[in-house]
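Below is one structure, written out as structure tokens, with a few remarks after it.
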Amino acid sequence: MKSSYIKHVAERQLRNKTSFSQSVSNSLTMAYRGLLKIRRTPEQLFDVTLQPIIFTLMFTYIFGGAISGNVQNYLPVIIPGILVQTVITTSIVTGVQLREDMDKGVFDRFKSLPIARIAPLAGALLADTIRYTIAAVLTFTMGYIMGYRPDGGLGHVAIAALLVIVCSWAISWIFAFFGVIARTASSVQGISMIVLFPLTFLSNAFVPAETLPEWLQWFVKINPISHLVTAVRDLTNSGTVGWDLSLSLIGAAIIVAIFAPITVRAYMRRT
Amino acid sequence: MSNVNRREANPNNGDWAVEARGLVKTFGDNRAVDGVNLNVRAGTIYGVLGPNGAGKTTTIRMLATLLRPDAGSARIFGHDVVKESQIVRQLIGVTGQYASVDESLSATENLVIFSRLLGLGRAEARRKAADLLEEFSLTEAAKRPLKNFSGGMRRRLDLAASLIAQPPLIFLDEPTTGLDPRTRNQMWDTIRRLVKTGSTVLLTTQYLQEADELADRIAVIDHGRVVAEGTVNELKASVGTSSLQLSIQNPMDIQVARQTVEQVLKVQSTVSSEVGKITAPMADADRVTDLLIALRDAGIQLAELSVQKPTLDEVFLTITGHGVKEDASKASDESDKVREVIV
Ligand SMILES: Nc1ncnc2c1ncn2[C@@H]1O[C@H](COP(=O)(O)OP(=O)(O)OP(=O)(O)O)[C@@H](O)[C@H]1O
Ligand SMILES: [Mg+2]
């Protein structure tokens, strides 16, 4: 029994704190686990692959004529909108899967290992950025196929995608929080949809805010999603960086600043 | 019985792997663990024996830092499970009652991830995984997803995962429940080998036989309390090596019958809830002849008589004075009442 030879208490260096570098390394391992899981069960990527394709097609052809006169003119409006909408919707999965994962036996093992407490959480959130990337790439690809040629150029498109991914990651902390406190995975899905639906639709993602009634305009204009959409439009369509981009990043930072600690706290209490 | 219950007073030397004092865990108004004391000496196998819902898993989870005790304290190799939980985690391996491995990944992937989390390098982690898989005869199945694993394979993988860090203390929660006899024997061998290499094992089981085979000391736990503690021999002595079950035809004779049994066997007997059924521990099966003669002399007619190896049920019956399945709250009052009426 060579490999289970015991290392005695006296031979060990025991520390009651986990260092920062260990936390990072543990989180990366957990993220690697997340990627392995995606590779093992690719069917869980259905939503991130299908949603950008279907939504891009549907919204463009349904609203294109009505809003912008024709499809070609609508593409620069709708593609950034759909990008933001799909990538952010994808972040709901983080919470749902976190809940499912936490109910599984393997989480007990993670809890019994001398690893950074936050690693399973951070790893899950990190692994999910791969979904956002897939959704972002697919949305732009669909747009390109339909004739979208962003004036900002490829570099700015990439920056825009990165911006949306960062913001979605920030927002996924909200859903991770629901995931940690909810009892079942389906309730996480339910709560998250209720929060996200009004936010994405009551924004300028699909229609210009000016066409809306005044009381709605008020909400649409303060809605952080609108600022994100505008920032993406600025980047992709003109290659400019404006106040909206800063606002989006500040918003993302605020969300993380609020939700990361309470999620971690709730998570620690639960575990 | 009372001498079995007594444990050594708080020893102050450093070779205790587990010292638990008055552990309590309540779920709602259910006191799942209700003041458990445990002392496990390093380098031994310690068995926690108890029926469903006794609080075995809850106790282990508190000792393994998975649950925070509501009251009481526990130390692992001298380190407090609450205040020094991260140190404790460096000293233990936990194999829970339900498989704690990742279903959607392969055996190798599972072990590699756990190894990486424990700080092993990439190559080192691969080597460790391969070694452990070989040791637990899982090499062939290494690449298959766990969904297709049998219960025994899963259990072995689970144990392998607990040994990556070579922990000096290993918790095994019902390591053999649901295994066929051959696999169970293999598991027993593995556990024995572990202890030979210097490890300490705390295992739970529902089977007296398993505790008998493996454990140096046993704690019997019921309704969240340790109802008996001692070496296997001490416990057995309290129950008798076999147990006698006796039913008589005429319930009116029960007192005389019971007295006869106690006189001949020189032990305490219990009357179980079924009318006219007497249970008594028996050190020597030969005494049954004497008993039968004595009963005939007393003119008591038997309905049924059997001599059995003590079961967990008997251990309970003898130690707690109530059966395994009886209700928690009523049990103690009832057994007192029975004694009052009969004695
Ligand atoms: N998470 C929980 N929430 C509520 N009640 C719980 C929880 N875990 C355990 N219990 C209750 O605590 C009691 C003890 O449970 P525990 O799992 O410790 O028993 P056990 O001895 O391990 O039983 P088994 O042999 O069935 O595994 C039971 O009544 C159980 O219903
Ligand atoms: Mg249990």
Side-chain angles (χ1 to χ4, degrees), chain A residues 1-19 21-44 97 100-117 119-120 123 127 268-271, chain B residues 14 17 42 61 64-66 77-79 83-106 109-110 113-114 116-119 127-128 131-132 134-135 145 158-169 171 190 193-194 196-200:
Chain A
M1 183 153 255
K2 58 177 167 18
S3 54
S4 43
Y5 163 75
I6 298 310
K7 197 167 159 200
H8 289 279
V9 185
E11 308 161 18
R12 290 166 180 265
Q13 290 187 318
L14 299 169
R15 305 203 5 245
N16 202 26
K17 290 266 179 297
T18 35
S19 66
S21 65
Q22 194 198 345
S23 307
V24 172
S25 135
N26 289 161
S27 304
L28 288 175
T29 306
M30 292 305 292
Y32 168 68
R33 164 176 176 267
L35 295 187
L36 276 182
K37 283 175 78 114
I38 292 179
R39 215 179 62 193
R40 284 272 169 176
T41 45
E43 59 274 17
Q44 52 161 306
Q97 289 201 338
E100 283 174 356
D101 225 20
M102 285 175 70
D103 290 336
K104 286 192 184 130
V106 70
F107 242 73
D108 270 352
R109 177 156 322 267
F110 295 141
K111 283 186 274 174
S112 76
L113 293 177
I115 58 172
R117 303 275 81 196
M268 299 287 208
R269 214 176 10 230
R270 282 257 170 159
T271 56
Chain B
R61 288 177 65 84
T65 75
L66 298 175
F77 294 108
H79 297 283
K83 293 193 202 83
E84 300 171 280
S85 54
Q86 205 66 343
I87 288 184
V88 169
R89 291 183 190 116
Q90 288 160 53
L91 298 171
I92 59 172
V94 188
T95 304
Q97 184 168 3
Y98 308 103
S100 38
V101 283
D102 216 317
E103 286 287 313
S104 51
L105 303 182
S106 75
E109 287 167 341
N110 263 295
I113 286 171
F114 298 140
R116 299 277 289 149
L117 286 173
L118 286 164
R127 206 171 328 121
K128 188 90 193 175
D131 282 355
L132 282 168
E134 183 171 349
E135 199 165 299
D158 220 348
L159 182 53
S162 312
L163 299 182
I164 294 171
Q166 305 165 340
L169 171 63
F171 293 107
T190 310
R193 272 188 297 154
L194 274 175
K196 273 215 195 85
T197 60
S199 188
T200 310

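Each chain gets a letter, A, B and so on, in the order its sequence line appears, and its residues count up from 1. The shown structure was predicted, so the numbers you read here are calculated from the model rather than taken from an experiment. Scope of the values below: all heavy atoms of this structure, side chains included, with no hydrogens, waters or symmetry mates.
- Atoms CD and CD1, on B/Gln86 and A/Ile115 in that order, are 8.0 Å from each other to the nearest 0.5 Å.
- Using a 4.5 Å cut-off between heavy atoms, A/Ala119 does not touch chain B at all.
- Summarising the geometry, atom CG belonging to A/Leu113 is positioned 6.0 Å from atom CG belonging to B/Leu117; distances are rounded to the nearest 0.5 Å.
- Annotation: side chain of A/Leu36 is in contact with side chain of B/Ile113 (closest heavy-atom distance under 4.5 Å).
- Taking CZ from A/Arg33 and OG from B/Ser104, the interatomic distance works out to 7.0 Å, rounded to the nearest 0.5 Å.
- Residue with the most contacts toward chain A among B/Gly119, B/Ser162, B/Gly96: B/Ser162 (heavy-atom pairs, distance under 4.5 Å).
- Residue contact with chain A, scored on non-hydrogen atoms closer than 4.5 Å, is absent for B/Ala160.
- Looking at heavy atoms from C-beta onward, B/Val94 lies out of side-chain contact with A/Asp108 at the 4.5 angstrom threshold.
- Ranking B/Glu109, B/Gln90, B/Arg116 against chain A, the residue ahead of the rest is B/Gln90, based on heavy-atom pairs under 4.5 Å.
- Remark: A/Arg109 is positioned above the aromatic ring of B/Phe114, its terminal NZ or CZ atom under 6.0 angstrom from the ring centre and at most 45 degrees off the axis.
- Using a distance-only test at 3.5 Å, with no hydrogens or angles considered, no donor-acceptor pair links the side chain of B/Glu103 to the main chain of A/Gly105.
- For the residue pair A/Pro114 and B/Leu118, the shortest heavy atom distance occurs at CD-CD2, 3.6 Å.
- Rounded to the nearest 0.5 Å, atoms NZ (A/Lys111) and OG (B/Ser100) are 10.5 Å apart.
- The shortest distance between side-chain heavy atoms of B/Pro145 and A/Arg40 falls below 4.5 Å.
- Of the two parts of B/Lys83, only the backbone, made up of N, CA, C and O, holds a non-hydrogen atom closer than 4.5 Å to a non-hydrogen atom of chain A.
- The closest side-chain heavy-atom distance from A/Lys37 to B/Asp102 is below 4.5 Å.
- With rounding to the nearest 0.5 angstrom, the CZ atom of B/Arg89 is 9.5 Å from the OG1 atom of A/Thr18.
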